[in-house]
2 protein chains.
Amino acid sequence: MSERVVPPTARQRRRPTKQGVVLSEALIVETALRLIEEHGADALSVRRLGRALGADPSSLYRYFRHTDDLMLAIADELIGRTLRTWRPTGDWRADLRDLGLRMHAGALAHPRAAVLSSYRVTGRAYEIQAVETILGVLRRAGFPDAEAVRIYHVFVDQALAHGALDSASLAMPKAAREAEAAVWRATYARLPADTHPHIAATARHLVADMPHSSYPAALDLLLSAAAARLAENRPRAARPTVTLDTSVNTAP
Amino acid sequence: MSERVVPPTARQRRRPTKQGVVLSEALIVETALRLIEEHGADALSVRRLGRALGADPSSLYRYFRHTDDLMLAIADELIGRTLRTWRPTGDWRADLRDLGLRMHAGALAHPRAAVLSSYRVTGRAYEIQAVETILGVLRRAGFPDAEAVRIYHVFVDQALAHGALDSASLAMPKAAREAEAAVWRATYARLPADTHPHIAATARHLVADMPHSSYPAALDLLLSAAAARLAENRPRAARPTVTLDTSVNTAP
DNA sequence: ACCTGAACACCGTTCAAGT
DNA sequence: ACCTGAACACCGTTCAAGT
């Protein structure tokens, strides 16, 4: 959505702001991204953005109807940047793994844009390009159409959802993050085996695993499941019996 | 975290507020849940909650240090409610599927609590009970300890992450949700096959699939991957060759 | 011992008025 | 044509003062 409010023809004749800045959708998106990268996701507000641009906050409403529309423009720019640096190899599984990690990193840095783009569709250029690219990887791998869409949907939502979640964790002050990890060591790792046998038996792994993002594991499980389905759907004769064994990645 | 600030011994002697309400942690959590259920997640603010309780907003800081601590108390209460209504059957896969759907529904209704409890650990009673229960299901199914923790982590984060995401979608006005679905029909479904072959080939499925939550599909793929790993890890002789075929659930 | 009231430092968004 | 300034209706949180 988020069409520009200023008609394109009027763009050249625009007068600069007090401080001499010429506003534009691209400049606003760029400045917003810089603001987030320098001061964190919470630093982005209409008022701060106005200040950073040297313009009155209210002038932004000429370019974006709501803050959400600005976030969608940011999201599309991020999709573009992610695709630009991604180099497919032709191995669908490795390619999706790489792309997933890149999307997750992008969502981690811009959680509000990630949440929005998970349930809103912009119809913008980069978004369309991403849909076409990912569907292409899946269909060339041999997934039937319905299956390709299903896996595309899960793949994208998983990267965005985990990214948004993990960013909240990363935004905590370092001391608070360490305090969280300490609860696993101090509370969970000390529960007696007679009342909590399963926690007691796995305490070592809980302490090691829980303070980290579950995204890489989630991504690998998704790709495993997809690979297994691909093997199942192939005609019996053509199905290589080794595929499953090699495709399941072993935990460290 | 979120220990109560009022020492428990002082709780009986507390004076009622102007309107005669006796504040307590339990009453605050209950009222907050009612507020969210009646008016949506955005309706919860310290000021509104104070109004609903008939107390000054600032009085809540006697029971919770920050809004986050209130959200964690809400999260633990929700975990308790989810576990209370869940009836395990002994079939690990069906049990986790049922629990996942329940957790997702809870996170959907209380996204802020879901996001928080995904990266913060409370050490509260219901949380511990949930960890013990889910690990128990996985270990009894035969997963080795490291694997059980890994899958536990992915399972919980997936339910919370997708729930938080889907709630944002559900919070949109109905007209806006329909407008989103229309973009898939009007923009994506009309892209020509020569420039966008993969979108064109799958347009029918995109239109049908994308406006809905990807959580059920994500959950089924996770359980499929877990079942496959279980089969792989078993000694060759004991591995039933049919397991994989029946465990892969076929798309509608 | 508990709660209030006022204050502080913020938000997003609208719209008449200015240049 | 574009931007500003003031206003509206909100936030979370702190702390001295009241009962």
Side-chain angles (χ1 to χ4, degrees), chain A residues 2 4-28 31-32 35-36 39-74 112 116 171 173, chain B residues 2 4-28 31-32 35-36 39-74 112 116 171 173:
Chain A
S2 143
R4 51 174 110 64
V5 181
V6 179
T9 49
R11 299 197 129 203
Q12 303 311 324
R13 283 181 271 127
R14 200 173 307 127
R15 234 184 285 168
T17 56
K18 235 180 205 165
Q19 287 81 354
V21 186
V22 179
L23 290 180
S24 70
E25 193 184 298
L27 179 64
I28 294 171
T31 308
L35 219 66
I36 298 171
H39 303 100
D42 289 343
L44 189 65
S45 72
V46 178
R47 293 175 119 102
R48 279 199 213 221
L49 186 51
R51 232 180 290 145
L53 284 161
D56 194 273
S58 65
S59 64
L60 301 180
Y61 288 88
R62 215 149 261 291
Y63 299 86
F64 301 98
R65 289 192 208 287
H66 309 284
T67 311
D68 277 8
D69 285 331
L70 168 60
M71 296 312 299
L72 282 176
I74 291 176
R112 288 171 64 190
L116 262 187
Chain B
S2 146
R4 51 174 107 65
V5 181
V6 179
T9 49
R11 300 197 130 202
Q12 303 310 326
R13 282 180 272 129
R14 201 172 307 128
R15 235 184 283 169
T17 57
K18 235 179 206 165
Q19 287 81 352
V21 186
V22 179
L23 291 181
S24 69
E25 192 181 299
L27 179 64
I28 295 171
T31 308
L35 218 66
I36 297 171
H39 303 100
D42 289 344
L44 188 65
S45 70
V46 177
R47 293 175 119 103
R48 277 198 214 220
L49 186 50
R51 231 181 291 145
L53 284 160
D56 194 273
S58 65
S59 64
L60 301 180
Y61 288 89
R62 214 150 263 290
Y63 299 86
F64 301 99
R65 290 193 206 287
H66 309 284
T67 311
D68 275 9
D69 285 331
L70 167 61
M71 295 313 299
L72 282 175
I74 290 176
R112 287 170 66 190
L116 262 187

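First the proteins, then the strands, lettered A, B, ... as listed; each starts at 1.
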If I compare all heavy atoms of [X] with all of [Y], which pair ends up nearest, and what's the gap?
X      : Y     : value
A:L116 : A:D68 : CD1-O, 3.3 Å
A:R48  : A:A43 : CD-O, 2.9 Å
A:E25  : A:Y63 : N-CD2, 4.0 Å

Does OP1 or OP2 of D:dT4 have a side-chain N or O of A:S59 closer than 4.0 Å?
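True: A:S59 side-chain N/O within range (under 4.0 Å) of D:dT4 OP1/OP2.
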
Please determine if a side-chain N or O atom of B:Y63 lies less than 4.0 Å away from the OP1 or OP2 oxygen of C:dC3.
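For C:dC3, OP1 or OP2 has a side-chain N or O of B:Y63 closer than 4.0 Å.
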
[X] [atom1] to [N] [atom2]: how many Å, rounded?
X     : N      : atom1 : atom2 : value
B:F64 : C:dC2  : CZ    : P     : 15 Å
A:R51 : C:dA9  : CZ    : P     : 13 Å
B:L60 : C:dC3  : CG    : P     : 10 Å
B:L49 : D:dC10 : CG    : P     : 16 Å
B:R62 : C:dG5  : CZ    : C1'   : 14 Å
A:L70 : C:dC11 : CG    : C1'   : 15 Å

Which residues pass the side-chain contact (heavy atoms from CB on, under 4.5 Å) test with A:D42, not counting sequence neighbours?
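Expected list: none.
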
Residues in side-chain contact (heavy atoms from CB on, under 4.5 Å) with B:A171, at least two apart?
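Counting only residues at least two positions away or on another chain, B:A171 forms no side-chain contact (heavy atoms from CB on, under 4.5 Å).
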
Which whole number of Å gives the distance between the P atom of C:dA9 and that of D:dA9?
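Those two atoms are separated by 23 Å.
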
Using only atom types and a distance under 3.5 Å, with no angle test, would you say the side chain of A:R112 pairs donor to acceptor with the backbone of A:L44?
yes

Any protein N or O atoms within reach of nucleotides 12-14 of chain C? Criterion: under 3.5 Å, listing atom names and distances.
unit_1	atom_1	unit_2	atom_2	d
C:dG12	OP1	A:V46	N	3.2
C:dG12	OP2	A:V46	N	3.0
C:dG12	N7	A:R47	NH1	2.5
C:dG12	O6	A:R47	NH1	2.8
C:dT13	OP2	A:Y61	OH	2.9
C:dT13	OP2	A:T67	N	3.2
C:dT13	OP2	A:T67	OG1	2.7
C:dT13	O5'	A:Y61	OH	3.3

Does any non-hydrogen side-chain atom of B:L70 lie less than 4.5 Å from one of B:L60?
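Sidechains of B:L70 and B:L60: no contact.
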
Dot-bracket for DNA chain C: what is it, with Watson-Crick or G-U pairs under 3.5 Å, [ ] where a pair crosses earlier ones, and | for a pair to another strand?
||.|||||...|||||.||

Quick check for you: to the nearest 0.5 Å, what is the distance between B:R62 atom CZ and B:I28 atom CD1?
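That separation rounds to 11.0 Å.
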
Who are the side chain to side chain donor-acceptor pair (under 3.5 Å) partners of B:S45, not counting sequence neighbours?
none

